[in-house]
Novice: 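Attaching a single structure in structure tokens format; questions to follow.
A quick note: this is a predicted structure, and the numbers were derived from the prediction, not measured. When a ligand or atom number is given, it counts from 1 through the structure's own listing order.
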Amino acid sequence: MVEEKELKLGLDSDEAEKRLETYGPNILKQKKKVSPVFIFFSQFNDFMVWVLLGATLISAFMGEIADAITIIIIVVVNAILGFIQEFKTEKSLEALKNLAAPTTKVIRNKKIQVINAEFLTLGDLVVLEAGDRIPADGIIVQGTGVIDESLLTGESVGVSKSTLNKENKIYMGTILLKGKVLARVTEVGMSTEMGKIAHMLSSIEDEKSPLKEKLEGLGRILVIVCIAICIIVTFVGISRGQKASEMFLLGVSLAVAAIPEGLPAIVTVCLAIGVSRMLNRNALVRKLPAVETLGCTSVICSDKTGTLTENKMTVKALYFNNTLYNIDDNKTPDNLLLKKAFVYCNDCNYDYSQKDIEKGLLGDPTETSLIKTYFKGMKDIKEFNGDIRRVYDIPFDSTRKMMSVVIEENNRECCYVKGAPERLLSRCNQILINGQVVAFTYTLKEKVAKSIEDMSSKALRCIAAAYKYKNIAKNNSLENDLIFLGLAGIIDPPRKEVKDAVLECRMAGIKPIMITGDHQNTAFAIGKEVGICNSINEVLTGDEIEKLTEKELDSKIDKTKVFARVSPNHKLRIVRAFKRKNNIVAMTGDGVNDAPAIKEADIGIAMGISGTDVSKEASSMILMDDNFTTIVAAVEEGRVIYNNIRKFIRYLLSCNLGEVLTMFLASLFYLPNPLSPIQILFVNLATDGLPALALGVDPPDKDIMDDKPRGKNESIFSHGLMEKILVRGTLIGICTIFAFIGGKYFGYDLAACRTMALSTLVLSQLIHVFECRSEKHSIFKINPFTNIYLIGAVLVSVIMLIAVIYLPFLEGIFHTSSMNGIQWMVVIFCSGIIALINSIYLMIKERHK
Ligand code: ATP
């Protein structure tokens with residue numbers, strides 16, 4: 001509770017700005033950024049590119065100057081394309097880092113504000129709560145906190161610090177585990193203890209994506225295969241009396257074109273694009289590989305409060321004097337001591353404006369609802385509080401599920417406690433009824449229990465209140481021998497959109513699970529409303545979990561849809577049990593204690609609004625709006641991205657196979673080379689870069705959420721992708737050879753035949769790119785205009801092809817010749833026929849399904 005006098009002690013924004021200028025921003029020096037120049041030159045850091053440049057140099061010495069220049073231009077253009085891709089990736093990752101920058105609550109202009117921790121300065125008063133990472137060095141001026149300083153000292157046991165202790169210094173980067181403190185900033189940025197040891201705290205981790213690693217492995221195999229084929233092609237050519245230098249250049253060009261060196265890079269670009277697409281849907285991905293794993297999610301364990309529900313709480317019922325009162329809008333039945341318990345034992349900040357309250361800034365929504373039941377305006381609260389003084393408190397935590405305060409009131413200390421009813425009831429031995437404190441008999445307890453049943457089965461979350469004014473020891477025994485006061489029943493309606501999202505999960509073969517600290521009846525009622533569960537037998541409570549062995553838990557986990565009255569430590573057991581059953585688990589959490597479960601889950605999800613810094617740091621994804629629907633949207637995006645990666649892998653590999661086979665088949669059948677080295681490099685330039693990238697941003701297939709989740713270790717080539725690549729690649733090669741032979745058959749010279757082969761190879765790839773958009777549907781079923789980038793990329797490639805064929809200046813460089821009607825007919829037939837047959841086959845197959 002920040003009091004008025006403290007609010008006055010904060011800086012005003014003018015002063016803060018001045019100090020910010022004097023002392024600098026509160027940041028630790030960043031890792032050196034990778035410079036764009038470095039990124040550009042690293043594009044040439046490729047063995048095959050060096051070999052190509054070497055071969056070019058040799059051919060230049062032999063007089064092929066024009067060829068050499070063209071090859072160098074093509075290599076540079078390729079490098080520029082690679083640079084753009086990589087630079088964009090770096091930029092978007094950097095933007096994400098800024099987004100994930102830590103914020104902090106500070107008192108400025110007599111108000112609590114949330115600011116970016118970077119703008120903290122000396123003298124600022126920061127408000128810190130359990131789970132917060134301490135944003136700068138400072139001194140505690142109010143409150144008590146337990147602090148984890150392991151980052152600085154290596155000591156994992158929390159240290160208790162307060163104004164009363166000598167130990168009142170707190171340090172940047174350490175974590176407030178318990179309590180709530182107000183602290184004045186004494187050092188910022190590199191002058192902090194943390195700055196002195198120059199420890200870097202990165203908010204985004206650049207982890208390697210497993211898919212990227214696998215593709216790098218595949219890439220190495222492909223390099224060997226490609227080089228072997230190129231050597232064969234070269235030697236066959238030489239043995240047939242072709243010029244050795246030309247054959248060498250041809251072999252190297254073919255290797256450069258055929259090796260999909262850009263594959264891992266495009267995967268990163270694709271994942272990074274996915275990250276920004278997810279951000280548009282309110283999911284901030286902190287670890288790139290998470291994008292990949294998201295698509296495999298088979299279980300989503302979600303908190304209830306705020307994620308499945310709106311976190312807009314309203315008290316609907318009060319119970320005291322053995323009577324249950326329903327509350328309508330204007331009337332709250334008054335009971336002074338119950339009111340005192342709910343209002344005094346409350347951490348809401350009374351100095352917020354009405355707007356802040358709407359935004360949820362007042363404090364914990366459960367506590368806000370209690371305040372709002374009794375008071376309309378802030379003035380009333382201050383009047384009611386009078387000059388009471390809080391002398392001691394034990395803060396709320398989700399494991400104990402209660403909180404207590406000791407208040408000094410009229411020179412007398414009194415303790416008020418509120419919390420989950422079961423926890424409180426067992427600590428009460430007396431009850432207040434109509435102003436009389438009487439023994440809390442079995443019958444009276446039964447009555448209270450009945451009211452709890454009633455309220456919770458109507459989806460109300462119950463909070464009990466108690467008090468005592470004797471034997472006030474300021475330790476854990478404070479919460480014993482209490483006098484029971486009454487109950488509040490609070491409604492927190494489910495979010496409207498959740499029901500559809502739950503249904504979508506089911507359709508997609510994903511199991512939605514609710515995990516909550518609330519009573520089983522409340523949890524069941526909400527779960528039923530949103531479609532997560534049907535029967536109370538699908539609910540397992542924390543107490544039950546406690547009694548189960550791991551084996552027993554495993555046998556129950558498949559049938560359980562709701563976990564109620566759980567503590568954060570149960571979450572870890574739940575995640576592990578689901579994982580043992582071969583599930584890919586997404587798990588949400590917000591508190592400090594949730595961090596281990598978040599870390600253990602395949603996808604750990606933290607709450608952007610209500611989450612603590614610790615939970616955010618443990619997570620791989622943050623929900624900016626705390627909404628369950630966002631998780632489902634992120635899973636969908638994960639699937640879309642994986643599918644798009646499959647699309648361009650299919651495209652790139654079948655095209656490259658087509659290119660290699662064209663040359664290989666020609667040498668096998670003793671044909672002249674159907675393409676010159678420059679032409680091969682041109683094909684690579686025209687077809688590999690832009691169209692593949694455009695596939696990476698392909699919009700989702702409509703039925704993407706109708707399939708079961710894929711297995712985490714499933715190969716990227718599963719479900720027949722490898723066969724598709726092999727068959728289609730071979731056919732591209734055969735069709736190109738056919739066009740080449742066709743040219744010969746009609747009596748055209750070598751340059752004309754090569755132009756026909758070149759056009760067929762390019763066009764069949766540009767047609768194939770549209771086929772790659774779907775593994776199930778024919779090209780006639782997919783609207784080409786849903787991916788404008790692809791249309792644009794294909795147009796650019798077609799224009800490049802036409803320019804190379806018809807511009808006299810380029811004709812000379814690329815050794816091509818203008819094509820006539822007959823030639824075009826052969827080319828169009830050879831490039832389109834396979835796609836046509838395949839589409840008809842797919843349409844017939846779909847009709848007979
Ligand atoms: P989840 O977010 O996981 O769905 P939850 O937020 O409902 O769970 P907790 O916040 O741990 O779970 O609350 C558990 C129980 O503790 C509640 O049902 C309520 O009885 C009690 N409780 C909640 N907030 C407070 C509070 N501020 N003071 C006292 N008791 C509380």
Novice: Identify, for atom 27 (N) of ligand 1, the protein heavy atom at the shortest distance, and state residue, atom and that distance.
Specialist: E367 OE2, 3.0 Å

Novice: M402 to ligand 1: N or O pair under 3.5 Å?
Specialist: no

Novice: Considering only heavy atoms of A420, which atoms of ligand 1 have at least one such atom less than 4.0 Å away?
Specialist: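 So the answer, numbered in order with elements, is 20 (O), 21 (C).
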
Novice: Is it the side chain (CB and beyond), the backbone, both or neither of R461 that lies under 4.0 Å from ligand 1, heavy atoms counted?
Specialist: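 Near ligand 1, R461 shows its side chain, while the N, CA, C and O stay back.
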
Novice: Take T630 and N282 through the side chain to side chain donor-acceptor pair (under 3.5 Å) test and state the conclusion after the steps.
Specialist: CA-CA 6 Å; T630 305; N282 280 326; 5.0 Å; no

Novice: Please list, in number order, the atoms of ligand 1 under 4.0 Å from a heavy atom of D364.
Specialist: 27 (N)

Novice: Output the list of atoms in ligand 1 that are nearer than 4.0 Å to some heavy atom of K304, sorted by atom number.
Specialist: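 Checking each atom against K304, I get 1 (P), 4 (O).
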
Novice: Judged on heavy-atom distance to atom 12 (O) of ligand 1, which of P395, S302, G517, S567 sits nearest?
Specialist: G517

Novice: Among protein heavy atoms, which sits nearest to atom 17 (C) of ligand 1, and what does the distance come to when rounded to 0.1 Å?
Specialist: D518 OD1, 3.4 Å

Novice: Pick out which of K559, K581, R580 makes a salt bridge (charged side-chain N to carboxylate O under 4.0 Å, His left out) with D554.
Specialist: R580

Novice: Going by the atom numbers of ligand 1, which of them fall below 4.0 Å from some non-hydrogen atom of S398?
Specialist: 11 (O)

Novice: Any N/O of K571 closer than 3.5 Å to an N/O of ligand 1?
Specialist: no

Novice: To which of T309, T305, L308, D626 does the heavy atom nearest atom 6 (O) of ligand 1 belong?
Specialist: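 Of the listed residues, T305 has the closest heavy atom.
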
Novice: Give yes or no for whether the N/O distance cutoff of 3.5 Å, strictly under, is met between H519 and ligand 1.
Specialist: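 No, there is no polar N/O contact under 3.5 Å.
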
Novice: Over 60° means perpendicular and under 30° means parallel, so tell me whether F384 and Y344 are parallel, tilted or perpendicular.
Specialist: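 Tilted, since the angle between the ring planes falls between 30° and 60°.
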
Novice: May I ask you to identify the nearest protein heavy atom to atom 26 (C) of ligand 1, giving residue, atom name and distance to one decimal place in Å?
Specialist: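 Going by distance alone, atom 26 (C) of ligand 1 is nearest to F396 CD1, 3.6 Å.
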
